[in-house]
Structure formats: C-alpha cells, structure tokens
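Data block below; observations after.
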Amino acid sequence: MSDSLSVAVIGAGPAGLSAALWLKQLGYTPFVLEAADAPGGILRFNFLANEWVLGHHGLTGVAMSERFVAHAEALAIAIECGRTVHRLVPIPQGWRLFLADDTPRHAAAVIVATGLRYRGPEAVATVAGMGELTEGEVAYGPFAFRDLEQCQGKTVLIVGGGDNAFENAKMIAELGGHALILCRSQPRAQRQLREAAARFADRVRVVAQAALRAVCREAGKLVAHWQTVSDKTEAATVDRLHFLIGYAPNSEWLVAALGDAATALARDAAGYLITDRWGRTPLLRLYAAGDLVERDFPNVVSALASGARAAKAVDIDLGAR
Ligand SMILES: Cc1cc2nc3c(=O)[nH]c(=O)nc-3n(C[C@H](O)[C@H](O)[C@H](O)COP(=O)(O)OP(=O)(O)OC[C@H]3O[C@@H](n4cnc5c(N)ncnc54)[C@H](O)[C@@H]3O)c2cc1C
C-alpha cells in the first residue's frame, strides 16, 4: 500500500463509513479504526424504525447500520474494531498514529468521526440511591427505547425535557403505561412531540423546573423524590427510571492524543469540533465529520453527507500536494 494514499478514518458510524466509502471510490486506501467491538455507530442502539433516510423505508436504526457496514465490507474497506488512537503526531507526510498497543501507523490524512455519547450514570451520580437500582429499573439514552413493551401498565419517571423524553413518554402511554416527565428547565421538545404527549393527558404528566434528588425503596416500592423551583420536595412511586439527558461530543480523546498540537484545534464550549464547510480542522490534513461537528442538527443523512465531504476535501488537498 502506498503511504501517500493511505487515509485513517476514526469512528465507524455513518459519517466514518461514508468517508471511507468515498475515499475508496476516489482511489485511496482508507482504514477505519473503531473503539467499540462492532462497527455501525450509535445507530446500533436505535431500536426504532428510522423513516428519515430516503431509500431505507421500514428499517430500524440497527438494520440500517448493518446495511452501511455491509456496503463498506463489500468494497473490502478495512474496519478494525476495538482500536483507539492514543497519540496523533503530525509529520511532513501527514500523520503518525499510535494505537493503544503502541503500534505506529502512517496516514496521509486523518478523518475523525467519533460522534456523540449519551449522558449516562456519571451524569446523575449526585442523585442519592442510584446505586441501589437494579438493571431492570433504570435505562439511559437509547436503551430507554429498548423493549418498551415491558412498560405496559407501569409508571416510568423520565428525566429530560427534549425530543427523546417526550417521544419516550408518548410511546409508553401508547403501550398503556404512565410517564412522569421531570425537566430541569422548561420542556424544549419540538411542538408536535409535546402535543402528542399532551393528547395522553391522563397518562403523561410533565413537571417542569424540577430536579431529581433521590430514589429509595419505601414499603418495597421504588419512590423518586424531586425538588421543585419553589424549593418544595415532591415524590412519586414509580416502576422504572429513564434518563434522556442529552449527548456529549467524543472529542476529549483527540485533544489528549494531539498533545501540544491540540492548542491549534478549534472546539466550541461543549466540545464540538469547529471546521470549515469541507470538514477541515485548523490542523493540516486533519478533518472531522458527522455528529462531532454537528451541534444543531445531528442525523444520519447529515452524517453521511459530511463524511463524503471530508473525503472529497482530502482528495482536493492531497491532489494539490
Ligand atoms: C436513539 C437514537 C435515535 C436516533 N434516531 C435517528 C433517526 O430516527 N433518524 C436520524 O436521521 N438520526 C437518528 N439518530 C441520530 C444518528 O444516529 C446520528 O446522527 C448518526 O449516527 C451520527 O453518525 P456519526 O458517524 O457522526 O456518529 P456515530 O454514529 O456516533 O458513530 C461514531 C463512532 O465513533 C466511535 N468512537 C467514539 N470514540 C472513538 C474513539 N476515540 N476512537 C475510535 N472510535 C470511536 C463510536 O464507537 C461510534 O461507533 C438517532 C440517534 C440515537 C442515539
């Protein structure tokens, strides 16, 4: 393999796989490094039908991710799972990557597409009693949408006020369960989701400007306690807790891997990478794509497009070398 044609893609979600596909078609030799034990990205945990991607009618996110991976594999694109880069060093010919086992790899360019992670137990560590909950009593992020049938006839406390929280409440109500949405500020879910939840007024209750403080067992029942804006403490008996409290960009690892060179990297206050419209970071031959650069509108179609765009930018820049 000619080193000048070798391009590293970090992250095997829709953006990374799309970048690799375009690189391959443009005559490069992409290799994809994925930290998880399987490729496909966060879509692997989208258990619902995803009707937002033209031409993929009727597929769940899981099935769609399998289709993306199968396409890359059919073109013999190398995807290595369980691989993380712990050092990324600029060299005159591009980048030297050091993987966790310290194996150095060379790439003429690097496209970073490491997406977002859902906020999990670490984000609610200050809520008393969380450690006492059993696996079946709590779910975070995408896992709040898995096996929802088990919420039939149950009461679920949903922490969060965005689209995911309201969609989750609506689905639980449709299944004959009850949802209690607890949001720290005012609900910010899109109008149609708030209206849909409101149609189930007898099954969905929204408590705004309240913070969950503790979960405990009282007479064998799970009881959630929260504090309201007027400093009152309220409580309810629940069967399950779903935390839909947002996502954070996976960019810290890049800052650590770049060391001193990271000072040139541009990130916003939340950690999203800032690039030009082609996905170029301020560092030469380092590009970013997908949710990692998409604060406003993360979705599969945009991720596919930005991966393609970053690949094309690599071609433009390397072609001009
Ligand atoms: C529950 C849920 C439902 C959704 N529903 C829809 C929907 O209906 N329609 C829609 O269009 N979009 C939906 N989305 C959003 C969509 O899934 C994302 O916008 C899309 O997956 C983003 O692709 P990506 O490649 O940028 O990131 P990701 O899919 O997040 O992929 C990033 C990859 O990078 C890997 N990674 C992270 N850190 C490292 C590291 N240091 N080294 C190597 N690899 C790393 C991750 O393991 C992951 O595989 C949904 C998302 C979720 C969570």
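The analysis underlying the following values was restricted to heavy atoms, covering all of them including side chains, and did not include hydrogens, waters or symmetry mates. We count ligands from 1, going down the list as the structure has it; atoms in each ligand are counted the same way.
- A donor and an acceptor atom, one from each side chain of Trp253 and Thr84, are nowhere located under 3.5 Å apart.
- Here CG of Leu116 is found 8.5 Å from OH of Tyr247. Values are rounded to the nearest 0.5 Å.
- For a threshold of 3.5 Å applied to N or O pairs, the pair formed by Ala303 and ligand 1 contains no separation below that value.
- Atoms of ligand 1 found under 4.0 Å from any heavy atom of Ala113 (numbered from 1 in listed order, with element): 32 (C), 33 (C), 34 (O).
- Geometrically, Arg267 does not engage Tyr272 in a cation-pi contact defined by less than 6.0 Å to the ring centre and at most 45° from the axis.
- Within 6.0 Å of the CD1 atom in Ile91, the count of heavy atoms belonging to other residues, nucleotides or ligands exceeds 12.
- Residue Gly61 places every heavy atom at 4.0 Å or more from ligand 1.
- With hydrogens and angles ignored, the 3.5 Å screen pairs no side-chain donor or acceptor of Ser18 with any backbone N or O of Ala15.
- Trp253 counts as a contact of ligand 1, since one of its heavy atoms falls under 4.0 Å from the ligand.
- If you check which protein heavy atom lies closest to atom 1 (C) of ligand 1, you get Pro142 CB, 3.7 Å.
- Interface of Asn250 with ligand 1, defined as ligand atoms under 4.0 Å from a residue heavy atom, comprises 37 (C).
- Considering only non-hydrogen protein atoms, atom 51 (C) of ligand 1 sits nearest to Ile42 CG2, 4.2 Å.
- Here the protein heavy atom with the shortest distance to atom 33 (C) of ligand 1 is Glu34 OE1, 3.6 Å.
- With ligand atoms numbered from 1 in the order given, ligand 1 contributes 26 (O) to contacts under 4.0 Å with heavy atoms of Gly290.
- Among Val7, Thr29, Ile77, the single residue meeting the side-chain contact (heavy atoms from CB on, under 4.5 Å) criterion with Lys24 is Ile77.
- In terms of protein heavy-atom proximity, atom 11 (O) of ligand 1 is closest to Val300 N, 2.9 Å.
- Close approach of ligand 1 to Leu33 is summarised as follows: ligand atoms under 4.0 Å from at least one heavy atom of the residue are 43 (C), 44 (N).
- A salt bridge links Arg191 with Glu195: at least one charged nitrogen is closer than 4.0 Å to a carboxylate oxygen.
- Among all non-hydrogen protein atoms, the one lying nearest atom 25 (O) of ligand 1 is Ala15 N, 2.9 Å.
- Taking any N or O of Ala35, backbone or side chain, at least one lies under 3.5 Å from an N or O belonging to ligand 1.
- Annotation: cation-pi pair Arg309/Trp278 present, NZ/CZ under 6.0 Å from the ring centroid and within 45° of its normal.
- Relative orientation of the His56 and Phe68 rings is perpendicular, given thresholds of 30° and 60° on the angle between their planes.
- Under 4.0 Å from ligand 1, not a single heavy atom of Val85 appears.
- Shortest contact from atom 27 (O) of ligand 1 to any protein heavy atom: Gly115 CA, 3.6 Å.
- Using cut-offs of 30° and 60° on the angle between ring planes, the pair Phe143 and Phe47 is tilted.
- Of all protein heavy atoms, the one closest to atom 39 (C) of ligand 1 is Thr114 CG2, 3.4 Å.
- Using a 4.0 Å cut-off to heavy atoms of Leu43, the atoms of ligand 1 that qualify are 17 (O).
- The backbone N or O of Thr114 lies less than 3.5 Å from a partner atom in the side chain of Asn250, making a donor-acceptor pair.
- Residue-environment remark: CZ (Arg117) exceeds the threshold of 12 foreign heavy atoms within 6.0 Å.
- The environment of Leu284 atom CG is sparse: at most 12 non-hydrogen atoms of other residues, nucleotides or ligands sit within 6.0 angstrom.
- For ligand 1, the atoms closer than 4.0 angstrom to any heavy atom of Trp52 are 7 (C), 8 (O), 9 (N).
- Counting protein heavy atoms under 4.0 angstrom from atom 14 (N) of ligand 1 gives zero.
- Distances between N or O atoms of Thr84 and those of ligand 1 include no value under 3.5 Å.
- For Tyr247, no nitrogen or oxygen atom sits less than 3.5 Å from a nitrogen or oxygen atom of ligand 1, counting backbone and side chain alike.
- When the heavy atoms of Leu17, Ile10, Asn46 are ranked by distance to atom 42 (N) of ligand 1, first place goes to Ile10.
- Protein heavy atom closest to atom 26 (O) of ligand 1, with residue, atom name and distance, is Asp291 N, 2.8 Å.
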Give the intermediate values and the outcome of salt bridge (charged side-chain N to carboxylate O under 4.0 Å, His left out) for residues Arg217 and Glu137.
-> CA-CA 12 Å; Arg217 273 179 224 285; Glu137 290 174 330; 2.9 Å; yes
